[in-house]
Amino acid sequence: MIENITQLLSDVNKGDEKAMESLFPAIYKELRQIAHRQLGKVWSVDTICTTVLVNEAYLKLVGSKKLESNDRSHFFAIAAKAMRQILINYSKQKQTLKRGLEWQATASIDELSVNSKLEQIISIDEALRELESLDPDLVKLVELRFFAGLNEQETAKILNISERSVRRNWQKAKALLARALST
Amino acid sequence: MAIGISKSRWLEIQTALDDVLEQPQSEQLNYIEKYRDDMSLYLELKQLLDEDLSQLNLLEESALDLFNQESISVESNREKTGEPEKESALTLEEQSAIVTATQRFPNLGKKYQIVEEVGCGGMGKVYKARLLSDSFEKLVAIKILTTGKSSEHLVQRFEKEQKLLARLEHPNIARLLDGGISCDQTPFFVMEYIEGEPIDSYCDNNQLSIKSRLRLILQIVDALDYAHKNLVVHRDIKPSNILVTSEGKVRLVDFGIAKLIDEEKEQQLTQTGNQILTPGYAAPEQLLDQPITTATDTYLLGLVTYQLLTGRQAFQDLAGSLLEVAQIMCSEPPTKPSVINEKVGICENSKIFQSRQATPTQLKNTLQGDLDAIILKSLNAKVQDRYSSMTALRSDIEAYFENRPISAQQLTFVYQSKKYLKRHWKGVGSLVLFVAMLAAYTTTLKIQSEKIQAALAQSNLEKNKAQKISDFMLDIFKAADPNISGLNKITADELLQKGHQKILNELDSAPLIQAHMLTNLGEIYFSQGELDKSTKLLEEALEKQRLQSRPDSFTLAHTLTNLGVSYVNSNKLSEAQNLFDESLRLHQALLDDGENKLTIEYAEAHIALAQLKRKQGNTKESLQLYQKAIDTINQVGEEEHEQMAVALNGLASIQQDRGEFNAALENMKKAIRIHEKVLGSEHTYFTIYLNNLSILLISMERFDEALVHSKRAYQIQQNILPNNHPYFSAPLRSLGKISHARGELSKAREYFLEALDNNLKSSSKNNFIRAVLYARLGQVSQDLGALEIADDYYQKMLNVYQDVAAGERVVSRSLHLLAKLALLNGELSKARSYYQNAIESLPDNGIYFAISQLGYAQLILYLSAKQDDSIAKTTNFVSTKQALSEAQEMVTNAMTILMQKLPASHSLIAEAKLTNGLLNQHLSIRKQAEETRVPDKHNSKSIVETYKQLSKLSVYQYGHRRLLLDLAREIIEK
């Protein structure tokens, strides 16, 4: 598997769509395992850090091998997307769970506000799909910053742009997402 | 949802937007003015900048963090039964909820006034309410279930159950006060309102240590034990149902209510299967819909304990989905509590550790072993493999606290001996050293094993031999494992016996190691008070070495010293002397060779010889030897070696004898300090030192301090020694002596009787201690006025002395007791001959000599005072002036000795002074009659003062002491 990942990443880098198709499930699976472990959310959990999560997946999949910086960027981009997928799925599950609870208890105000956060995340995901067709680079940025929890510096490195551009594009993405959400 | 910008338009806008966004945020809106030329672009930009970004605030956090928060807010929103709420104004919504509740429950309204809603959750809503009563205001919690309506049948069952629950009365259970069915058929409960915090947050907020947490858990165990005995199962034990009040008292709420709810659900078939499982707080049988028993509570408590101790819930780490967790729970144990945090990679500055006042390693070490076992036993998926009762659980937790073996641990030898060592750690002295080799791999014993290694290296045994010993000991280990040899319980004694056999059977080919081991084993038996076994082993060890053509000098010397000590204790003094001489010669030769430096063993040989010299009465030489030992230990550089404590103890005892009380006290305290530091307080020698300190303080008449030390000594001994161990005798004797001196006669009698009982049980043979105890019991009986009983005890004492062939000197020390009894019986001439015998046979500088002289003087004084008395006349000696002068001489002499041997403030010195003064007074009265001399005013004053001083001591209200004071009062009054 690990052998393959490096190869796949470099194939993705060359624009091989098929490589992307096999790479995403691999990373997704690994991340989901790690995330699930951390997010067995009937449990209370000490705060965990997303970067740790992604890096853990990276180490598991790629090992300590040195990757081409391009391959590395691809990895993180895919991982961020996978995280998005995982977290959205998770939010949806969670919502179902909550709805399931309602037959037993009238949801309290607090629960409603929690619900609304989950809903917000789900609607952000929907807005991102809108944004995808307009500017996929911005989506990538949001995935890295928000879903994978990377900081500006890390994001800049992976997207191969300046930190300043990261900040500027972040503004743009937010403005566009806000518009999508308000309509 | 749409952005409403085409891709091509976006490309156009973007260039301008980038330009604008490059500006500081505050200037951006002004900056776009420059694009006013292109109105549509301008508007687009303006609109984008004006977008309400507030709904995207959460983008600024990491998505995962949101989930973390979300989980926390759900957690904190669990049912808050009885949780105190801030006294805030009610919101409209809340008010209307109350109105609704009151309307729905009109029958509630008569009895209770609802104050506010305090929580809601899976089962329904909880209200805080006031009990409407004339006499007092009482807060209650009302729980109204929202599960639906009940059938007629259920209502009946419900009422029956509720009565059962209402009978539960326990300090750790919130009482169910009332309950019923509302007019719309909804069940409700009224419970005691508890001002408390859920146990998990209570523990964390107060940063409770693991032990403190366990103590809270014990309170839960008590509550459940009580409930189970009343046939009630809680079924819903979770942190939110365990409240801790501000005084730290645990109160369980919602007792048994889950059962009522479950039954409700059974009736409402449509809802079956819809139940949301919360594996975090459910037992496998609940998940599998199997019968619920008291063992269910055991499991649930196990889950809570797991969480409270580790900071994480059991099974939390094992799988993602609820279904998976449920499956795992029903088949597998959770991850061991001790390793869970490591396993899931909690970072070391997590609040988990902080709130338990421990580092990750400390927490791990605390949980490892017993606590792991206790929790995992509680969390057994199989009902029958859990604790059979709360009592069983409780006794394991208590055993953990007391370092006794717990039932949940397999009775492996390793475990048993570890426990034994931990409990008796310092108590077994060299046993520790010995077993350390067995368990060289256990870290706690590492230091000890290093000592052994060092000792072996010193004795010129090759290093691989040390390894051989370790391996060999491991073999004993295995052989003693109950799983292999079929033993249920291994005792230290069995271990030692097995060790001995193995040493003999299997080490014949390695005689040096064999001798070394036998010597060690002999030392252990000695420290255990097993003199005979110790002697036998050491003799074996010596014999083996004698057969060697080239024995190892160092080991041989060590064996000789130890065997000598055994001999000293079995009174074979001359044999001991020979062994010590040889041992010291060997040590000296090694030193002369220059091969060896000064060693602790060399000092030990000196100490052993010093003890012998002391026993032989050669205090001067003994003192020098102790001093040499102390110097040697100092030179070796181990000022805090346990042998230093031994030497100081010996030195102090000689100093006490010489009347150097302050020096003795200082050395004794130092010995105790060193011993406690090096070997801890749970050690037999430590108790002996403590009691020696007590004896010293008793002789200084500092009884309050003495009491503390003797009591402590006795207490430690009871902890570390088996019943009826001969060591108990010493502190008991001290305690008896202290009580006697304080005039608490019956208490004193009890202590002495206890000591006697101990002596009779621990040894079938007569012994010196037994004679001493008879003497003490005689004294107490005498003071109690039971003179015949006293006589009986004294006769027993004499019989024992005869039986053990005690020398004349020893018996003579007791004659003053017989004399005093005779005096009290009015047998004056008998008393006189006892005193005369004592004075003749005792060495003329000892304390018993002084006491006998003082007693004789008092007898003369008494006789002189009662001269006209018929008693005096019937005795065949008369008190003359000459007799009085002789008495005065004696009392002066006695006083000189007492001043040397006792602190100046001692009551015996005062007694001698008083006797002297009274004798003076008598003489002067006679002289006055003859020569009309003025009485000595100074003398009278001194008599009065001493009289007053002694009257304050309660022991002077009894027996012969009282006789003296009565006499003094008569004379003073004259």
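Order of the sequence lines fixes the chain letters, A, B, ..., with proteins taken first and strands second; residue numbering starts at 1 for each chain. The figures here come from the full heavy-atom set of this structure, side chains too, leaving out hydrogens, waters and symmetry mates. Since the structure is predicted, the reported quantities are computational estimates derived from the model, not experimental observations.
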### Message
Which atoms of A/L138 are under 4.5 Å from chain B, going by heavy atoms: the side chain, the backbone, both sets, or neither?
### Response
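The answer is the side chain of A/L138.
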
### Task
Go through the atoms of A/I124 and report whether side chain, backbone, both or neither lie under 4.5 Å from a heavy atom of chain B.
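A/I124 touches chain B through side-chain heavy atoms alone.
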
Is there a side-chain contact between [X] and [Y], using heavy atoms and a 4.5 Å cut-off?
X: B/L309; Y: B/P337; answer: no
X: A/V142; Y: A/W170; answer: yes
X: B/P360; Y: B/E342; answer: no
X: B/Q23; Y: B/D19; answer: yes
X: B/L41; Y: B/R9; answer: yes

#### Entry: Pairing of A/R179 and B/E44 as salt bridge, 4.0 angstrom limit
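Salt bridge flag = yes for B/E44 with A/R179.
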
### Message
Do the side chains of B/E22 and A/R164 get close enough for a salt bridge, i.e. N-O under 4.0 angstrom?
### Response
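Salt bridge present between B/E22 and A/R164.
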
### Message
Quick check: under 4.5 Å, non-hydrogen atoms only, which of residues 11-18 of chain B neighbour chain A?
### Response
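The stretch touches chain A at B/Q14, B/L17, B/D18.
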
### Query
Do you know which of A/S165, A/A175, A/S133 has the most heavy-atom pairs under 4.5 Å to chain B?
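The answer is A/A175.
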
